[in-house]
> 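Following this message is one structure expressed as structure tokens.
What you see is a predicted model; the values in this text were computed from it and never measured. All values below come from the heavy atoms of this structure, side chains included, with hydrogens, waters and symmetry mates left out.
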Amino acid sequence: MPAIKSALLKSFALGALAAGLAAAPLMAHAQTAQSTPVLMMPAQSTLSLSANGEVSATPDMATVNFAVVTQGNTASDAMKANNVRMNAVMASLKSAGIAAKDIQTSNLNLNPQYDYTDGQAPRLTGYQAQNQITVRVNDLNQTGPVIDAVIKAGINQVNSINFGLKNDEAVTDQARQAAVATLLKRANLYAAATGMKVKRIISIEEGGPVYNQPQPMMFARAKAADLSTPVSSGELQLSVNVSATFELE
């Protein structure tokens, strides 16, 4: 019996020693993990701003929207009358030197017309046809004469006129530079006011370009036979909006 008891004690001691050795690396790892310092990076200071760059430019082209509006007892009559007038208008534009690529049909409508008398059911009175075209005039000096020519040919509605640039790349770049210059000036101002400096630009985005001009102008034909419709193009304001995010230090 003493021999068996001695053997059991030895076996228990060896098991405890083995368990202790196995747990030692885990404890050492836990101590190492707890003692390793964690580095916290300071939050990045940023500033987001946006600015408009605007440049004035003299337009060198115009787009005019005209329409032929006709009436008829039937839909067919209204369309036939409209087609006759529009063909004459197209011929007058060709004679005025307007290229086919600069003429575009922008809208075509055919609608029934009703008489709405109080207390009675609507009564069909006929049909109205409308054909709208947008014409690009590349020589501003010809804008007035072109308007007169199409009115004489059959146009009975002048909707609007807009002025633009045939090539706005150089003007747009000037507006971009103006916007960025304003952004940098403001960024440095805000940074200095808070005791910091602009380190770098993190991101930059552009919106535009946008033409700022008066609302489309309505025109009336000049009364004097020897005078063309007066057209004043004025100046365009082209603007570009630029947004940027700066890193401060």
> Is it true that a side-chain atom of Thr125 and a backbone atom of Gln113 form a donor plus acceptor pair closer than 3.5 Å?
yes
> So which atom in Ser233 and which in Pro59 form the shortest heavy-atom distance, rounded to 0.1 Å?
CB-CG, 3.7 Å
> If you look only at pairs with a residue in residues 80-91, which of them pass as a side chain to side chain donor-acceptor pair (under 3.5 Å), with sequence neighbours excluded?
Thr70-Asn82
> Which side-chain N or O atoms in residues 190-197 pair as donor and acceptor under 3.5 Å with protein atoms at least two apart or in another chain?
from, atom 1, to, atom 2, distance (Å)
Thr194, OG1, Tyr190, O, 3.1
Thr194, OG1, Ala191, O, 3.0

> Side chains of Thr172 and Leu238: does their closest heavy-atom pair fall under 4.5 Å?
yes
> Sequence neighbours excluded, which residues qualify as salt bridge (Lys or Arg N to Asp or Glu O under 4.0 Å) partners of Glu247?
Lys199, Arg200
> Keeping Thr117 on the side-chain end and Gln120 on the backbone end, is there a donor-acceptor pair under 3.5 Å?
no
> Rounded to the nearest 0.5 Å, how far does OG1 of Thr182 lie from CD of Glu54?
11.0 Å
> Is the CD atom of Glu249 crowded by more than 12 outside heavy atoms at less than 6.0 Å?
yes
> Quick one about Gln157 and Asn159 (side-chain donor to acceptor, distance below 3.5 Å, no hydrogens or angles considered), yes or no?
yes
> Kindly indicate whether the side chain of Gln128, heavy atoms from C-beta on, has any atom under 4.5 Å from the side chain of Val69.
yes
> Decide yes or no for Ile133 and Gln104: does some side-chain heavy atom of the first lie under 4.5 Å from some side-chain heavy atom of the second?
no
> Partners of Thr134 by side-chain contact (heavy atoms from CB on, under 4.5 Å), sequence neighbours excluded?
Thr63, Asn65, Ser106
> For side-chain contact (heavy atoms from CB on, under 4.5 Å), just list the numbers for Leu183 and Val242, CA-CA rounded to whole Å, side-chain angles, deciding distance to a tenth of an Å, and then say yes or no.
CA-CA 8 Å; Leu183 275 178; Val242 178; 3.5 Å; yes
> With a 4.5 Å heavy-atom cut-off, do Thr143 and Val146 have their side chains touching?
no
> Side-chain donor-acceptor contacts of residues 92-100 below 3.5 Å, not counting sequence neighbours, with atom names and distances?
from, atom 1, to, atom 2, distance (Å)
Ser92, OG, Val89, O, 2.6
Ser95, OG, Ala91, O, 3.1

> Yes or no on side-chain contact (heavy atoms from CB on, under 4.5 Å) for Ile151 and Phe66, after CA distance, side-chain angles and deciding distance?
CA-CA 9 Å; Ile151 290 176; Phe66 309 101; 5.9 Å; no
> Which heavy atom of Asp77 sits nearest a heavy atom of Gly72, and at what distance?
CB-CA, 4.1 Å
> Is it the case that the side chains of Arg186 and Asn188 hold a donor-acceptor pair, with the cut-off being a distance below 3.5 Å and no angle test?
no
> Does a side-chain heavy-atom distance below 4.5 Å link Val171 with Leu165?
yes
> Less than 4.5 Å apart, any side-chain heavy atom of Phe163 and any of Val231?
yes
> Is the closest side-chain donor-acceptor distance between Ser48 and Thr245 under 3.5 Å?
yes
> Do Ile201 and Val240 land in one hydrophobic cluster if side-chain heavy atoms of ILVMFWY residues count as linked below 4.5 Å?
yes
> Determine the minimum heavy-atom distance between Ser56 and Glu235, stating which atoms define it.
CB-OE1, 3.7 Å
> Taking salt bridge (Lys or Arg N to Asp or Glu O under 4.0 Å) as the test, write out the residues that go with Asp115, two or more places apart.
Arg123
> Over all heavy atoms of both residues, which pair between Val68 and Met86 is shortest? Give the atoms and the distance, please.
CG2-CE, 3.5 Å
> Take Gln44 and Thr46, measure what side-chain contact (heavy atoms from CB on, under 4.5 Å) needs, and give me the verdict at the end.
CA-CA 6 Å; Gln44 188 181 54; Thr46 61; 3.7 Å; yes
> How about Gln130 and Gln132: does a side-chain donor come under 3.5 Å of a side-chain acceptor?
yes
> Does a donor on one side chain and an acceptor on the other come within less than 3.5 Å for Tyr211 and Asp168?
yes
> In Å and rounded to the nearest 0.5 Å, what is the CZ to CG distance from Arg176 to Asn241?
12.5 Å
> Taking atom types as modelled, is there a side-chain donor on Asp148 or Thr229 under 3.5 Å from an acceptor on the other?
yes
> Looking only at atom types and distance, does a side-chain atom of Asn131 sit under 3.5 Å from a main-chain N or O of Thr105, one as donor and one as acceptor?
no
> Any non-hydrogen side-chain atom of Phe246 less than 4.5 Å from a side-chain atom of Ile202?
no
> Tell me whether Ile103 is reachable from Leu140 by hopping between hydrophobic residues (I, L, V, M, F, W, Y) whose side-chain heavy atoms are closer than 4.5 Å.
yes
> Going only through I, L, V, M, F, W and Y residues with side-chain contacts under 4.5 Å, is there a path from Met61 to Val158?
no
> Do Asp102 and Asn138 come within less than 4.5 Å of each other through their side chains, counting heavy atoms only?
yes
